[in-house]
Amino acid sequence: MIEKYNLLFKEFKEYIDNNSQYNVKVVKHNTNTSTHFPVISFVLTNFINTNECTIDKIEYYDNFYFTIDIYSKNKVISGKTISAQVISEDLLKLVLKFFDKKNMLRTSCRPTFNLDDSISRINVQYQCAIGNARGNIIRR
């Protein structure tokens with residue numbers, strides 16, 4: 001399933017790069033030490049659920065849980081200052097669109113407190129089941 005995660009990460013990164021005007025850094029793990037903003041972290045937690053499988057017991061499903069954190073600061077683009085909140089909301093729209101196209105279930109979407117109040121942070125969580133034989137995504 002690591003291959004499926006890597007493929008999803010690559011697609012997600014390309015989608016954000018191609019559709020955002022903010023020069024976003026997309027990372028697999030949240031180190032929260034970046035000096036480059038905005039940053040989107042794309043973190044996966046998964047486990048194999050052997051209780052859920054096809055009738056013929058050929059294919060089991062991995063449950064994937066994605067946590068997406070969007071971090072942004074005020075940014076100057078073409079001489080205009082764009083607020084961290086506006087940047088975060090624009091990036092959130094892209095995240096929602098990407099995962100909706102993948103037919104994943106959003107379980108949470110909320111602004112999150114950050115110790116550095118100059119940084120806007122939004123946390124989004126998704127889940128789905130992915131067949132380990134065919135790689136099909138099933139909304140849960």
Side-chain angles (χ1 to χ4, degrees):
M1 283 293 108
I2 295 299
E3 299 85 29
K4 189 66 174 174
Y5 169 60
N6 287 333
L7 180 61
L8 279 168
F9 175 78
K10 182 181 176 188
E11 287 179 34
F12 179 74
K13 184 175 180 352
E14 287 174 2
Y15 180 79
I16 297 297
D17 288 345
N18 292 334
N19 292 289
S20 175
Q21 63 177 339
Y22 300 116
N23 188 24
V24 181
K25 182 176 182 180
V26 180
V27 296
K28 283 187 182 179
H29 304 287
N30 183 3
T31 59
N32 210 12
T33 59
S34 180
T35 57
H36 175 92
F37 287 93
V39 175
I40 298 178
S41 69
F42 184 90
V43 180
L44 166 71
T45 305
N46 79 309
F47 66 92
I48 297 173
N49 187 349
T50 56
N51 294 324
E52 291 187 34
C53 62
T54 56
I55 295 171
D56 52 9
K57 305 276 188 202
I58 292 174
E59 184 170 34
Y60 291 95
Y61 296 99
D62 287 345
N63 291 321
F64 275 38
Y65 300 93
F66 293 96
T67 301
I68 310 299
D69 281 303
I70 302 167
Y71 299 91
S72 60
K73 282 188 165 186
N74 294 349
K75 190 168 189 162
V76 177
I77 298 176
S78 301
K80 294 174 75 177
T81 300
I82 313 269
S83 75
Q85 186 66 32
V86 168
I87 294 169
S88 292
E89 289 174 3
D90 285 349
L91 293 175
L92 175 61
K93 289 175 189 173
L94 292 176
V95 169
L96 298 178
K97 191 172 183 179
F98 177 83
F99 281 98
D100 285 346
K101 284 182 178 179
K102 293 294 181 186
N103 198 30
M104 293 188 191
L105 177 66
R106 184 177 48 188
T107 58
S108 173
C109 180
R110 60 185 161 55
T112 304
F113 174 74
N114 204 54
L115 289 175
D116 182 349
D117 60 5
S118 70
I119 298 173
S120 171
R121 178 179 173 202
I122 298 176
N123 177 272
V124 187
Q125 296 177 339
Y126 279 91
Q127 72 180 44
C128 69
I130 297 181
N132 62 5
R134 293 174 288 202
N136 54 328
I137 295 175
I138 300 165
R139 186 179 179 115
R140 291 282 182 206

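These values consider heavy atoms only, across backbone and side chains, with no hydrogens, waters or symmetry-generated copies.
The aromatic rings of Tyr15 and Phe98 are tilted relative to each other, their planes meeting at an angle between 30° and 60°.
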Check step by step if side-chain contact (heavy atoms from CB on, under 4.5 Å) holds for Ile87 and Lys73. CA-CA 8 Å; Ile87 294 169; Lys73 282 188 165 186; over 6 Å; no
Begin from the C-alpha positions of Tyr71 and Phe37 and carry the test ring-ring contact (aromatic ring centres under 6.0 Å, His included) through to its verdict. CA-CA 7 Å; Tyr71 299 91; Phe37 287 93; 7.2 Å; no
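Atom CG of Leu91 is separated from atom CD1 of Ile70 by 5.5 Å, given to the nearest 0.5 angstrom. Here the straight-line distance linking atom CG of Asn6 with atom NZ of Lys28 works out to 3.5 Å at 0.5 Å rounding. Between atom CD1 of residue Ile16 and atom CD of residue Glu11 there is a gap of 12.5 Å, rounded to the nearest 0.5 Å. Within the model, atoms CD of Gln125 and CG of Leu105 stand 11.5 Å from one another, a figure rounded to the nearest 0.5 Å. The distance from the CG atom of Asn19 to the CG atom of Leu94 is 5.5 Å, given to the nearest 0.5 Å. Summarising the geometry, atom SG belonging to Cys109 is positioned 11.0 Å from atom CD1 belonging to Ile68; distances are rounded to the nearest 0.5 Å.
Residues passing the side chain to side chain donor-acceptor pair (under 3.5 Å) test with Glu14, sequence neighbours excluded: none. Residues passing the side chain to side chain donor-acceptor pair (under 3.5 Å) test with Thr107, sequence neighbours excluded: none. Among residues two or more places apart in sequence or in another chain, the side chain to side chain donor-acceptor pair (under 3.5 Å) test is passed with Asn123 by Asp69. Ser88 pairs by the side chain to side chain donor-acceptor pair (under 3.5 Å) definition with Ser72, Ser120, not counting sequence neighbours. Residues satisfying the ring pair (Phe, Tyr, Trp, His ring centres under 6.0 Å) test with Tyr22, not counting sequence neighbours, are none.
Listed here is the closest heavy atom pair of His36 and Lys25: CD2-CB, 3.4 Å. Looking at every heavy atom in both residues, Val24 comes nearest to Asp17 through O-OD1, 3.9 Å. Pairing each heavy atom of Asp90 with each of Gln21, the nearest pair is OD2-NE2, 4.4 Å.
Side-chain contact between Val124 and Phe99 is absent, with no heavy-atom pair separated by less than 4.5 Å. Tyr126 has its side chain within reach of Leu96: a pair of non-hydrogen atoms, C-beta onward, lies under 4.5 Å apart.
Residue pairs meeting the side-chain hydrogen bond (donor to acceptor under 3.5 Å, both in side chains) criterion with at least one partner in residues 74-87, sequence neighbours excluded, are Gln85-Glu89.
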